[in-house]
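Take a look at the structure below.
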Number of protein chains: 2
Amino acid sequence: MTVQSQIAEPAASLHQRIRADIEARILSGDWPPGHRIPFEHELMAQYGCARMTVNKAIASLVAAGLVERRRRAGSFVAQPRLHSAMLHIPDIPIEVAARGEAYSYVLLGRRRRLANEKDPVDFSEQSETREVLELSCLHSANGRPLALEERLISLASVPEAAEADFAATPPGSWLLRHVPWTEAEHRIRAVGANARAAEALRVPRGAACLSLERRTWRGGETVTYVRQFFRGDAYDLVARFSPQG
Amino acid sequence: MTVQSQIAEPAASLHQRIRADIEARILSGDWPPGHRIPFEHELMAQYGCARMTVNKAIASLVAAGLVERRRRAGSFVAQPRLHSAMLHIPDIPIEVAARGEAYSYVLLGRRRRLANEKDPVDFSEQSETREVLELSCLHSANGRPLALEERLISLASVPEAAEADFAATPPGSWLLRHVPWTEAEHRIRAVGANARAAEALRVPRGAACLSLERRTWRGGETVTYVRQFFRGDAYDLVARFSPQG
DNA sequence: CCGCCGGATATGTATAGACATTAGCGTGAG
DNA sequence: CTCACGCTAATGTCTATACATATCCGGCGG
């Protein structure tokens, strides 16, 4: 439990400040999923305010899905939800299993190197080392190639990744479980298979593939960049959503 | 202003009931965007409760993006936001214009007919008539074909569509502006261009295209089904999002 | 006719207290 | 030792009140 040393934005109202303080603790990983946040009466004492004020702050965190409350037990940091109602970050093994198919996976390459200008993401902002882990792997369902994945992981953001066994666990699944993220961007395109993808996916060159690029941030820091080529005939992305969050 | 004749769910708490009542008025179109909802003191009187209770109800509608409040002026139904922070329903003319390109559009076909079993959506649940408007059109940017669109509009849900001039306004843009929706589902795939798409988009057969299928509902009722084939080399979908709405 | 100013008004925030509800936990009975 | 029961601590809801703050609107003066 670290000292309350957050940047402490000049939030307008007290309940916003309380909310921001708690949110910062959660997003920083200081309070991991499952952690019990202080009781209302403790926060009341800490901030010297009425319970309604604390309640309003926590209620907005509940609305945002960051916190879950249980009577008598307390309020807890929610488990990160892999499925947002919107377009989510798919965990391929889980998706394949959900369709009742057998998932398999091969690690094709693993290299530790310095980031350079040709990389599709700029890792240099965040650290001088700029070390990245470059991985490539192939996901299959029922023995049939499904997706070729090429990934960069920032070792400045995720030093533990250097020791992870990506021959056993796909890097996407590992990251979803070990690294909280605050923002992501998908870029989805249809492309013809290049030589490398054609060979890995066992399709003719030029066959339609779905290219899914994703950048993921934690705070302002790039965590990972991934590009996945899916066989066009074997995968589709589905997103169900409403006009307002 | 219709009589309060909603289904009136057995909501647990008073502020939830107030919220649900207002939400129902908004989603039904009874209170259109821009409409001023009753003042807090009016709702207080109507429900015989304290202002904090009304306030809590309206605050949750603000959080959901359904309502905007202005001091001294009152609370208003928010304009539907075309861009949610997530994957939104793209309005192609606007997207093309935003890239600084010249948008053009041709209506290729328009037919009024009965829905049948071969349609990718089941329109039969909602009405006996099952009449649909079948449209096809081509979107271009700088004179270059961008997307071939095939669409079904339920005339039971949107009778006004029968009179709309889809030679002048693309059906997607018209619908976004005229019909509120409560839920949508995207299905995104990479496919090789079929004969029809190849000709319209002026690409070789089998060239990679992004297929975007979308079903849109209002309440439980299907409003429209659309399938768009984008040239793979001319379009990509971008979605930026956070773990929780 | 235009612009400035002040009051009225609706929302924004916060308080202190009250009662309801639920579920964790310890205790006592079997 | 185990199970059931009841106490109690936590959240859930609501009230009545207070003051702060932004802004629309009308009126007054130039």
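Both backbone and side-chain heavy atoms feed into the values below; hydrogens, waters and symmetry mates do not. Letters go in sequence order (proteins before strands), and every chain restarts at 1. Remember, it's a predicted structure, so these values are computed and weren't measured experimentally.
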Ion pair Arg189(A)/Glu213(A), N-O distance below 4.0 Å: yes
In whole Å, I'd like the distance from the NE2 atom of His41(A) to the P atom of dT8(D). 16 Å
How long is the gap from CZ on Arg51(B) to CE on Met44(B), to the nearest 0.5 Å? 8.0 Å
Any donor-acceptor N/O pair, Ser157(B) side chain to Thr222(B) backbone, under 3.5 Å: yes
Give a yes/no answer on whether the side chain of Ser13(B) brings an N or O atom under 4.0 Å of OP1 or OP2 in dT13(D). yes
Any pair counted as salt bridge (charged side-chain N to carboxylate O under 4.0 Å, His left out), so long as it reaches residues 158-176 of chain B, sequence neighbours left out: none
Looking only at heavy atoms, which two atoms of Cys137(A) and Leu107(A) are closest? And how far apart? CB-CA, 4.0 Å
Report yes if some heavy atom in the side chain of Ile92(A) is under 4.5 Å from a heavy atom in the side chain of Phe230(A); otherwise report no. yes
Interatomic distance where CD belongs to Glu68(A) and P belongs to dG12(D) [whole Å]: 12 Å
Does the cation-pi check pass for Arg36(A) over Phe39(A), that is, NZ or CZ under 6.0 Å from the six-membered ring centre and within 45° of its axis? yes
Range on DNA chain C touched by chain A - first to last nucleotide, heavy-atom distance under 4.0 Å: dT13(C) to dG24(C)
Check: protein-nucleotides 21-24 of chain D nitrogen or oxygen pairs below 3.5 Å:
from, atom 1, to, atom 2, distance (Å)
dT21(D), O2, Arg71(B), NE, 3.1
dC24(D), O2, Arg72(B), NH1, 2.7

dT13(D) phosphate, OP1 or OP2: any side-chain N/O from Gln16(B) under 4.0 angstrom? yes
So which one's nearest nucleotide on DNA chain C is more toward 5', His15(A) or Ser75(B)? Ser75(B)
Please list all pairs passing the salt bridge (charged side-chain N to carboxylate O under 4.0 Å, His left out) test where one or both residues lie in residues 53-62 of chain B, with sequence neighbours left out. none
Between atom CD in Glu40(B) and atom C1' in dT15(D), what is the gap in whole Å? 15 Å
When the distance from CZ of Phe39(A) to P of dT11(D) is rounded to whole Å, what number comes out? 6 Å
Would you check if the side chain of Arg177(B) reaches a backbone N or O of Ser173(B) as a donor-acceptor pair within less than 3.5 Å? yes
Expressed as a whole number of angstroms, how long is the span from Leu43(B):CG to dC14(D):C1'? 16 Å
Please tabulate, for the side chains in residues 61-71 of chain A, all donor-acceptor contacts under 3.5 angstrom to protein atoms that are two or more places apart in sequence or on a different chain.
from, atom 1, to, atom 2, distance (Å)
Arg69(A), NE, Ser75(A), OG, 2.9
Arg69(A), NH1, Glu40(A), OE2, 3.1
Arg69(A), NH2, Glu40(A), OE2, 2.8
Arg69(A), NH2, Ser75(A), OG, 3.2

Whole-Å distance, Leu14(A) CG to dC19(D) C1', equals 15 Å
In residues 50-60 of chain A, which ones come under 4.0 Å of DNA chain C, going by heavy atoms? Ala50(A), Arg51(A), Met52(A), Thr53(A)
Return yes if some donor-acceptor pair links the side-chain N/O of Arg130(B) with the main-chain N/O of Ala115(B) below 3.5 Å, else return no. yes
